[in-house]
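Chain identifiers are assigned alphabetically (A, B, ...) following the order of the sequence lines, protein sequences preceding nucleic acid strands; residue numbering begins at 1 within each chain.
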Amino acid sequence: MSLRIYNTLTKGKEDFQPINPDHVTIYVCGPTVYNYAHVGNARPVVVFDLLVRLLRHDYKKVTYARNITDIDDKIIEAAQDSGEAISNITRKYADIYSADMAALNAGPPDLTPKATDYIDQMITMTAALIEKGHAYEQDGHVLFSVPSIENYGELSGRKQEDMIAGARVDVASYKKDAADFILWKPSTNDQPGWDSPWGRGRPGWHLECSCMIEDNFGKTIDIHGGGLDLIFPHHENEIAQSRCAHEGAPLANYWMHNGYLTVEGEKMSKSLGNFVTVHDLLEEFPGKGEDIRLCLLTAHYRQPVDFSRDGIHQATKQLNHWYRLTDGVDSEGVEIPESFLNALRNDLDTPKALSVLNVLAKKAEKDNTAKRQLKAAANFFGVLEQRGRFDLNIKTTTARLKLKAHKARVTTLGTVVEKDSVNPISYTKSYDSESVEKLIEERAEAKKNKDFKRADEIRSQLLENDIFLLDGADGTTKWEQR
RNA sequence: GGCGCGGUGGCGGAAUGGCUACGCAGCGGAUUGCAAAUCCGUCUAUACCGGUUCGAUUCCGGUCCGCGCCUCCA
């Protein structure tokens, strides 16, 4: 079976046919680096990481690019607020981003182009668009002229009249048409800027992706991905720019968009106080990057997914089960079962793939081949990759629950009570693997002496810190994080 | 106002014109110093109203509910 992809452009599943079967190209919109990435930002990262794993399995060569937007008004604001240099901010958060995503077993892409490295290309494309009559200069701004092209709105399925009727933002004075968007804008002296034929300024947001793709891949790539919210206007505008700059050549043949993420059933937003960053989660759930990854993959990527503390616990249980089954198993060179791969080839059907993993897990109780297949397939999925889960080093950390919602819906005897606020809970994890091992030894000694009271004390003491002891048939004791 | 998505068991989450995956949780039993794991058995669902059909959860129409986007946004 070959890969099938739901294409936002055609609103249907299509057989994937790369331009060059020996070299697949994929570009995913990356972060604007001025803050910690939240779980919602992590969803496309994990989803497309999995897609790239699949592409690498099925095709000879894959080049995966994910950009970093390091020039943007939000970054400028963050710099002004904090007094820190822009370059410090962007470097810092880009580093944190790649570290946080790596903790979710989402490795770095092949290419990580930064917007500020493409200023020349952006100026060149802007000039070309002006020359071709698709852009104009007005009050120091350069704008793309949407009425200069046909089929604008192809990707998002919008008609211009509809958009104008519902526009909730005042049309800027320098726009000839309400739908026109910025290619280049002027910078004041205290704002970062680059010299251009239109004066000192900086690029508009949409331009960088078009230029990076052109520079690294050429006119057309195979797959372009990102979150649902990027369909309009970001991707629509990328398409418009690139098509006009490239004599109508499509920017990408397949457009893939992941759905939204909610937190504890509610939309994540700063005002609700349920804005949860990957960084905080990794503090609250140390060593559980895989568990978070699994949560993000339980739902199909185009469906909404709810991220909750309970969901993490379920994922942990699932993973612990698989870890136990594959403890000490070597999956080197094992073929990944086709049923698993085929699930993924069907537009990345992760729920189906997970059910295949569970079928393998069932078999693995009695079958060593299934054990190795389970490990290989799970590794492919990006889990079960942490070396020695049983030996996890739990750092001493005090983390605050960041998921506190201002309005927590609590059901009491069928009545829905709206609580105004839930107090944050703070807690401490105060065990490292060394002290755990020591306690296990002490317990083994106690068991030998039939001092079961002390043995049970140690068990419950550790359990309070989410460490669960498993006594083996051979008298050894392993532990896992709950 | 325009465009779009979704409502499946206690929870997560699939699939299908006829027997409704998979996981978690629950229950009964075997096993166990305790606990877990494992094994056997077992309970629970397709928002509502019509239509098409021998038969719909699946197709069609409507209702209700929830959600998203409409130039900040993964």
Side-chain angles (χ1 to χ4, degrees), chain A residues 11 28-32 37-48 72-74 77 146 153 156-172 175 178-182 204-206 225-234 236-237 257-262 265-270 294-296 298-306 308 310-311 313-318 320-322 324-325 343 349-359 361-362 365-366 443 446-447 450-453 455-457 459-460 463 468-473 477-480 482:
Chain A
K11 294 186 168 52
V28 175
C29 289
T32 300
H38 56 69
V39 235
N41 295 309
R43 167 118 106 144
V45 173
V46 167
V47 163
F48 290 105
D72 181 275
D73 287 2
K74 281 173 300 200
E77 259 173 56
V146 169
S156 53
R158 286 160 208 265
K159 296 188 186 90
Q160 279 190 51
E161 312 85 73
D162 300 340
M163 289 186 280
I164 294 159
R168 62 185 176 192
V169 173
D170 290 336
V171 177
K175 288 190 181 183
D180 293 348
F181 58 90
I182 288 180
W205 171 43
H206 314 298
L228 199 66
D229 53 336
L230 292 181
I231 294 175
F232 188 87
H234 187 51
E236 200 71 77
N237 292 351
H257 295 95
N258 62 272
Y260 284 98
L261 178 138
T262 54
E266 287 189 89
K267 187 189 172 177
M268 183 162 46
S269 71
K270 283 178 179 164
L294 186 57
C295 284
L296 294 175
T298 49
H300 182 84
Y301 77 93
R302 283 188 280 114
Q303 293 297 120
V305 70
D306 186 52
S308 65
D310 188 52
H313 291 142
Q314 272 209 24
T316 301
K317 281 190 172 186
Q318 179 88 84
N320 281 160
H321 183 207
W322 295 342
R324 280 194 296 268
L325 283 168
D349 188 351
T350 51
K352 175 70 181 169
L354 284 168
S355 84
V356 173
L357 287 180
N358 279 309
V359 169
K362 191 78 180 167
E365 302 289 354
K366 290 168 186 162
R443 181 165 167 274
K447 277 170 69 179
K450 304 268 182 215
D451 182 2
F452 295 120
K453 187 167 169 258
D456 290 350
E457 248 173 43
R459 173 185 286 290
S460 49
L463 191 59
F468 187 83
L469 299 181
L470 301 103
D471 291 335
T477 298
K478 289 178 174 175
W479 58 280
E480 64 189 24
R482 280 290 154 99

Most 5' of A:A455 and A:N358 on RNA chain B, judged by nearest nucleotide: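 Looking at RNA chain B, the more 5' nearest nucleotide goes with A:N358.
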Of A:P233 and A:S355, whose closest RNA chain B nucleotide lies nearer the 5' terminus?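 The answer here is A:S355.
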Counting distance only, does the side-chain N/O of [X] pair as donor-acceptor with the main-chain N or O of [Y] below 3.5 Å?
{"X": "A:R443", "Y": "A:A455", "value": "yes"}
{"X": "A:H300", "Y": "A:Q303", "value": "no"}
{"X": "A:R43", "Y": "A:Y260", "value": "yes"}

Sugar-phosphate only, base, or nothing, as touched by [X] at under 4.0 Å among non-hydrogen atoms:
{"X": "A:K447", "result": "base"}
{"X": "A:H234", "result": "nothing"}
{"X": "A:L469", "result": "base"}
{"X": "A:G40", "result": "base"}
{"X": "A:R459", "result": "base"}
{"X": "A:D471", "result": "base"}

Roughly how far apart, to the nearest Å, are [N] and [M] at atom [atom1]?
{"N": "B:rA45", "M": "B:rU58", "atom1": "C1'", "result": "15 Å"}
{"N": "B:rU46", "M": "B:rU71", "atom1": "P", "result": "41 Å"}
{"N": "B:rC59", "M": "B:rC69", "atom1": "P", "result": "27 Å"}

Nucleotides 9-16 of chain B: protein proximity per nucleotide (B base, S sugar-phosphate only, - neither; heavy atom, under 4.0 Å): --B-SS--
With sequence neighbours left out, what residues match A:K447 under salt bridge (Lys or Arg N to Asp or Glu O under 4.0 Å)?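 Per chain and number, A:K447 pairs via salt bridge (Lys or Arg N to Asp or Glu O under 4.0 Å) with A:D471.
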In whole angstrom, give the distance that lies between atom CZ of A:F232 and atom C1' of B:rA74.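 That distance rounds to 17 Å.
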Return the stems involving RNA chain B, sorted by first number, where pairs are Watson-Crick (N1-N3 with N6-O4 or O6-N4) or G-U wobble (N1-O2 and O6-N3), both under 3.5 Å, and runs are 3 or more long.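 Stems (3+ consecutive pairs) listed as B:1-7 with B:64-70, B:10-12 with B:22-24, B:26-30 with B:38-42, B:47-51 with B:59-63.
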Below 4.0 Å: OP1/OP2 of B:rA74 and any side-chain N or O of A:N41: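 So the side chain of A:N41 is within the cut-off, an N or O lying under 4.0 Å from OP1 or OP2 of B:rA74.
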